Amino acid sequence: DGGITQSPKYLFRKEGQNVTLSCEQNLNHDAMYWYRQDPGQGLRLIYYSQIVNDFQKGDIAEGYSVSREKKESFPLTVTSAQKNPTAFYLCATNRGSGNTIYFGEGSWLTVV
Amino acid sequence: ILNVEQSPQSLHVQEGDSTNFTCSFPSSNFYALHWYRWETAKSPEALFVMTLNGDEKKKGRISATLNTKEGYSYLYIKGSQPEDSATYLCAFGVRGSQGNLIFGKGTKLSVKP
(Lines give C-alpha, C1' and ligand atoms only; values in the text may rest on other atoms or scores of the structure.)
Protein backbone atom coordinates (compact mmCIF):
# COMPACT_ATOMS: atom_id res chain seq x y z
CA ASP A 1 0.00 0.00 0.00
CA GLY A 2 1.27 3.45 -0.83
CA GLY A 3 1.09 5.97 1.92
CA ILE A 4 2.42 7.43 5.10
CA THR A 5 2.98 5.34 8.19
CA GLN A 6 3.31 6.88 11.61
CA SER A 7 4.27 4.91 14.69
CA PRO A 8 3.50 4.43 17.43
CA LYS A 9 -0.14 5.47 17.38
CA TYR A 10 -0.23 5.94 21.15
CA LEU A 11 2.77 6.69 23.34
CA PHE A 12 3.15 7.44 27.01
CA ARG A 13 6.30 9.13 28.22
CA LYS A 14 7.60 10.00 31.63
CA GLU A 15 8.61 13.57 32.25
CA GLY A 16 12.27 14.15 31.48
CA GLN A 17 12.50 11.45 28.81
CA ASN A 18 13.08 11.96 25.12
CA VAL A 19 10.80 10.11 22.71
CA THR A 20 10.99 9.61 18.95
CA LEU A 21 7.97 9.42 16.64
CA SER A 22 8.47 7.61 13.37
CA CYS A 23 7.20 8.74 9.98
CA GLU A 24 7.82 6.68 6.85
CA GLN A 25 6.48 7.31 3.34
CA ASN A 26 6.61 5.36 0.08
CA LEU A 27 5.03 8.05 -2.08
CA ASN A 28 8.43 9.25 -3.34
CA HIS A 29 7.59 12.75 -2.12
CA ASP A 30 10.42 15.19 -1.60
CA ALA A 31 8.85 17.23 1.20
CA MET A 32 7.90 16.02 4.65
CA TYR A 33 6.30 17.86 7.57
CA TRP A 34 5.50 17.48 11.25
CA TYR A 35 2.45 19.20 12.70
CA ARG A 36 1.09 19.34 16.21
CA GLN A 37 -2.55 19.73 17.21
CA ASP A 38 -3.81 20.84 20.60
CA PRO A 39 -7.49 21.02 21.62
CA GLY A 40 -9.22 24.02 20.08
CA GLN A 41 -6.25 24.95 17.92
CA GLY A 42 -5.34 24.57 14.29
CA LEU A 43 -2.47 22.41 13.12
CA ARG A 44 0.87 24.07 13.85
CA LEU A 45 4.06 23.34 11.96
CA ILE A 46 6.98 21.99 13.99
CA TYR A 47 9.58 21.19 11.33
CA TYR A 48 9.64 20.55 7.61
CA SER A 49 12.09 19.16 5.11
CA GLN A 50 12.10 19.91 1.39
CA ILE A 51 14.97 17.57 0.57
CA VAL A 52 17.18 14.89 2.11
CA ASN A 53 19.72 16.16 4.64
CA ASP A 54 17.99 19.52 4.95
CA PHE A 55 15.19 20.74 7.22
CA GLN A 56 13.78 24.01 8.55
CA LYS A 57 12.11 25.05 11.76
CA GLY A 58 8.41 25.74 11.72
CA ASP A 59 6.46 27.93 14.08
CA ILE A 60 6.90 25.81 17.22
CA ALA A 61 10.24 24.01 16.85
CA GLU A 62 11.52 24.61 20.39
CA GLY A 63 11.96 21.35 22.27
CA TYR A 64 11.87 19.21 19.12
CA SER A 65 14.49 17.80 16.77
CA VAL A 66 14.33 16.01 13.42
CA SER A 67 16.56 14.30 10.89
CA ARG A 68 16.19 13.54 7.19
CA GLU A 69 18.84 10.99 6.32
CA LYS A 70 16.61 9.17 3.84
CA LYS A 71 13.90 10.43 1.51
CA GLU A 72 11.42 7.99 3.00
CA SER A 73 11.92 8.83 6.66
CA PHE A 74 11.47 11.94 8.83
CA PRO A 75 11.55 11.02 12.54
CA LEU A 76 10.60 13.58 15.16
CA THR A 77 12.22 13.56 18.59
CA VAL A 78 10.31 15.22 21.40
CA THR A 79 12.97 16.20 23.90
CA SER A 80 12.71 16.82 27.62
CA ALA A 81 13.05 20.53 26.80
CA GLN A 82 9.56 20.56 25.29
CA LYS A 83 7.45 21.99 28.11
CA ASN A 84 4.02 20.79 27.00
CA PRO A 85 4.57 17.69 24.88
CA THR A 86 1.18 16.07 25.39
CA ALA A 87 -0.53 16.49 22.01
CA PHE A 88 -1.55 14.83 18.76
CA TYR A 89 1.23 14.76 16.15
CA LEU A 90 0.66 14.49 12.41
CA CYS A 91 3.26 13.72 9.78
CA ALA A 92 2.61 14.81 6.20
CA THR A 93 4.26 14.78 2.79
CA ASN A 94 3.92 16.38 -0.62
CA ARG A 95 5.80 16.81 -3.87
CA GLY A 96 6.82 20.30 -2.85
CA SER A 97 5.56 23.73 -1.98
CA GLY A 98 2.01 24.45 -3.13
CA ASN A 99 1.07 20.86 -3.80
CA THR A 100 -1.57 18.78 -2.05
CA ILE A 101 -0.44 17.54 1.33
CA TYR A 102 -0.98 13.91 2.32
CA PHE A 103 -1.24 13.09 6.01
CA GLY A 104 -0.47 10.08 8.16
CA GLU A 105 -2.93 8.86 10.77
CA GLY A 106 -1.21 10.61 13.63
CA SER A 107 0.41 9.77 16.94
CA TRP A 108 -0.95 10.58 20.38
CA LEU A 109 1.74 11.44 22.90
CA THR A 110 0.89 11.67 26.58
CA VAL A 111 3.39 12.69 29.23
CA VAL A 112 2.71 11.07 32.57
CA ILE B 1 1.51 36.85 13.02
CA LEU B 2 -0.45 35.41 10.10
CA ASN B 3 -3.90 34.19 11.02
CA VAL B 4 -6.46 32.03 9.26
CA GLU B 5 -10.01 32.22 10.56
CA GLN B 6 -12.74 29.71 9.85
CA SER B 7 -16.41 30.18 10.56
CA PRO B 8 -18.59 28.87 11.91
CA GLN B 9 -16.68 26.80 14.46
CA SER B 10 -19.34 24.09 14.29
CA LEU B 11 -22.48 23.45 12.32
CA HIS B 12 -25.38 21.03 12.74
CA VAL B 13 -27.61 20.42 9.72
CA GLN B 14 -30.23 17.93 8.61
CA GLU B 15 -29.63 15.46 5.82
CA GLY B 16 -30.43 17.13 2.52
CA ASP B 17 -29.60 20.66 3.68
CA SER B 18 -27.04 22.63 1.74
CA THR B 19 -24.43 24.47 3.75
CA ASN B 20 -21.36 26.62 3.40
CA PHE B 21 -18.36 27.66 5.50
CA THR B 22 -15.91 30.52 5.30
CA CYS B 23 -12.14 30.69 5.45
CA SER B 24 -10.55 34.14 5.88
CA PHE B 25 -6.85 34.66 5.30
CA PRO B 26 -4.36 37.50 4.75
CA SER B 27 -4.79 39.11 1.33
CA SER B 28 -1.06 39.76 0.93
CA ASN B 29 1.67 37.27 0.06
CA PHE B 30 -0.87 34.72 -1.14
CA TYR B 31 0.50 31.53 -2.63
CA ALA B 32 -2.22 28.87 -2.31
CA LEU B 33 -5.36 27.97 -0.39
CA HIS B 34 -5.99 24.36 0.62
CA TRP B 35 -9.17 22.67 1.86
CA TYR B 36 -9.09 19.36 3.74
CA ARG B 37 -11.73 17.07 5.22
CA TRP B 38 -10.86 15.35 8.47
CA GLU B 39 -13.11 12.54 9.61
CA THR B 40 -12.79 11.22 13.13
CA ALA B 41 -10.10 8.53 13.51
CA LYS B 42 -8.86 9.07 9.96
CA SER B 43 -6.17 11.16 8.26
CA PRO B 44 -7.07 14.57 6.85
CA GLU B 45 -7.95 14.19 3.19
CA ALA B 46 -7.28 16.84 0.56
CA LEU B 47 -10.31 18.37 -1.15
CA PHE B 48 -8.93 21.30 -3.13
CA VAL B 49 -5.80 23.34 -3.72
CA MET B 50 -6.55 26.72 -5.25
CA THR B 51 -4.04 29.26 -6.46
CA LEU B 52 -5.79 31.78 -8.72
CA ASN B 53 -8.15 34.58 -7.74
CA GLY B 54 -11.65 33.64 -8.87
CA ASP B 55 -10.88 29.92 -8.89
CA GLU B 56 -13.87 27.64 -8.49
CA LYS B 57 -13.38 23.93 -7.91
CA LYS B 58 -15.88 21.12 -7.59
CA LYS B 59 -15.73 17.54 -6.36
CA GLY B 60 -19.10 15.81 -6.39
CA ARG B 61 -21.43 17.75 -4.10
CA ILE B 62 -18.63 19.86 -2.67
CA SER B 63 -17.37 23.04 -4.28
CA ALA B 64 -15.12 25.92 -3.31
CA THR B 65 -14.49 29.48 -4.43
CA LEU B 66 -11.51 31.74 -3.90
CA ASN B 67 -11.12 35.52 -3.59
CA THR B 68 -7.47 36.36 -3.00
CA LYS B 69 -7.96 40.13 -3.20
CA GLU B 70 -10.30 40.22 -0.23
CA GLY B 71 -8.83 37.16 1.48
CA TYR B 72 -11.62 34.60 1.68
CA SER B 73 -12.69 31.23 0.39
CA TYR B 74 -16.07 29.55 0.65
CA LEU B 75 -16.71 25.81 0.80
CA TYR B 76 -20.18 24.66 -0.23
CA ILE B 77 -21.80 21.29 0.35
CA LYS B 78 -24.98 20.64 -1.62
CA GLY B 79 -27.50 18.20 -0.16
CA SER B 80 -25.49 17.22 2.93
CA GLN B 81 -25.30 13.53 3.79
CA PRO B 82 -24.37 11.92 7.14
CA GLU B 83 -21.07 10.80 5.60
CA ASP B 84 -20.16 14.47 5.10
CA SER B 85 -19.85 14.77 8.89
CA ALA B 86 -16.26 15.81 9.51
CA THR B 87 -14.05 18.76 10.37
CA TYR B 88 -13.22 20.89 7.35
CA LEU B 89 -9.83 22.61 7.48
CA CYS B 90 -8.51 25.37 5.33
CA ALA B 91 -4.83 26.26 5.07
CA PHE B 92 -3.13 29.35 3.65
CA GLY B 93 0.14 29.01 1.75
CA VAL B 94 2.44 32.00 2.16
CA ARG B 95 4.48 33.23 -0.78
CA GLY B 96 8.15 33.18 0.14
CA SER B 97 7.69 30.71 2.99
CA GLN B 98 7.89 27.46 1.15
CA GLY B 99 6.30 24.55 2.86
CA ASN B 100 4.69 26.50 5.65
CA LEU B 101 0.91 26.25 5.52
CA ILE B 102 -1.04 28.21 8.10
CA PHE B 103 -4.07 26.17 9.17
CA GLY B 104 -7.37 27.42 10.52
CA LYS B 105 -9.02 25.71 13.49
CA GLY B 106 -11.59 24.07 11.28
CA THR B 107 -15.36 23.92 10.97
CA LYS B 108 -16.94 20.83 12.49
CA LEU B 109 -19.96 19.69 10.48
CA SER B 110 -22.52 17.25 11.85
CA VAL B 111 -25.22 15.98 9.49
CA LYS B 112 -28.22 14.31 11.13
CA PRO B 113 -30.11 11.66 9.18
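Computed from a predicted structure; not experimentally measured.
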For the hydrophobic clusters of this structure (ILVMFWY residues joined by side-chain heavy atoms under 4.5 Å, transitively), does one cluster hold both A:Phe88 and A:Phe12? no
Among the clusters formed by ILVMFWY side chains lying less than 4.5 Å apart, do A:Tyr64 and A:Leu45 turn up in the same one? no
Applying a strict 4.5 Å limit to non-hydrogen atoms, the region of A:Gln37 in contact with chain B is side chain
B:Phe48 and B:Leu66: same hydrophobic cluster, using ILVMFWY side-chain contacts below 4.5 Å? yes
By a 4.5 Å heavy-atom criterion (distance strictly below it), what part of B:Tyr36 contacts chain A: side chain, backbone, both, or neither? side chain
Quick one, B:Leu101 with A:Tyr35, criterion side-chain contact (heavy atoms from CB on, under 4.5 Å). Give me CA distance, side-chain angles, the key distance, then yes/no. CA-CA 10 Å; B:Leu101 286 180; A:Tyr35 291 93; 4.0 Å; yes
Transitively linked via ILVMFWY side-chain contacts under 4.5 Å: B:Tyr74 with B:Leu52? no
Take atom CD in B:Gln81; do more than 12 heavy atoms of anything else shown fall under 6.0 Å from it? yes
Residues of residues 13-22 of chain A with a heavy atom under 4.5 Å from any heavy atom of chain B, in residue-number order, are none
Any side-chain heavy atom of B:Leu89 within less than 4.5 Å of one from A:Leu43? yes
With chain B as the partner chain, list the residues of residues 66-83 of chain A whose heavy atoms fall under 4.5 Å from it, by residue number, and write 'none' if nothing qualifies. none
Are any non-hydrogen side-chain atoms of A:Asn99 and B:Val49 less than 4.5 angstrom apart? no
Given a strict heavy-atom distance threshold of 4.5 Å, which part of A:Glu105 is in contact with chain B: side chain, backbone, both, or neither? both
Is any residue of residues 39-47 of chain B within less than 4.5 Å of chain A by heavy atoms, and which ones? B:Ser43, B:Pro44, B:Ala46
Give a yes or no on whether A:Arg95 atom CZ has more than 12 heavy-atom contacts from other residues, nucleotides or ligands under 6.0 Å away. no
Contact residues of residues 102-113 of chain B (partner chain A; heavy-atom separation under 4.5 angstrom): B:Ile102, B:Phe103, B:Gly104, B:Lys105
Mind checking whether A:Phe55 and A:Tyr33 sit in one hydrophobic cluster, side chains of I, L, V, M, F, W, Y counted as touching below 4.5 Å? no
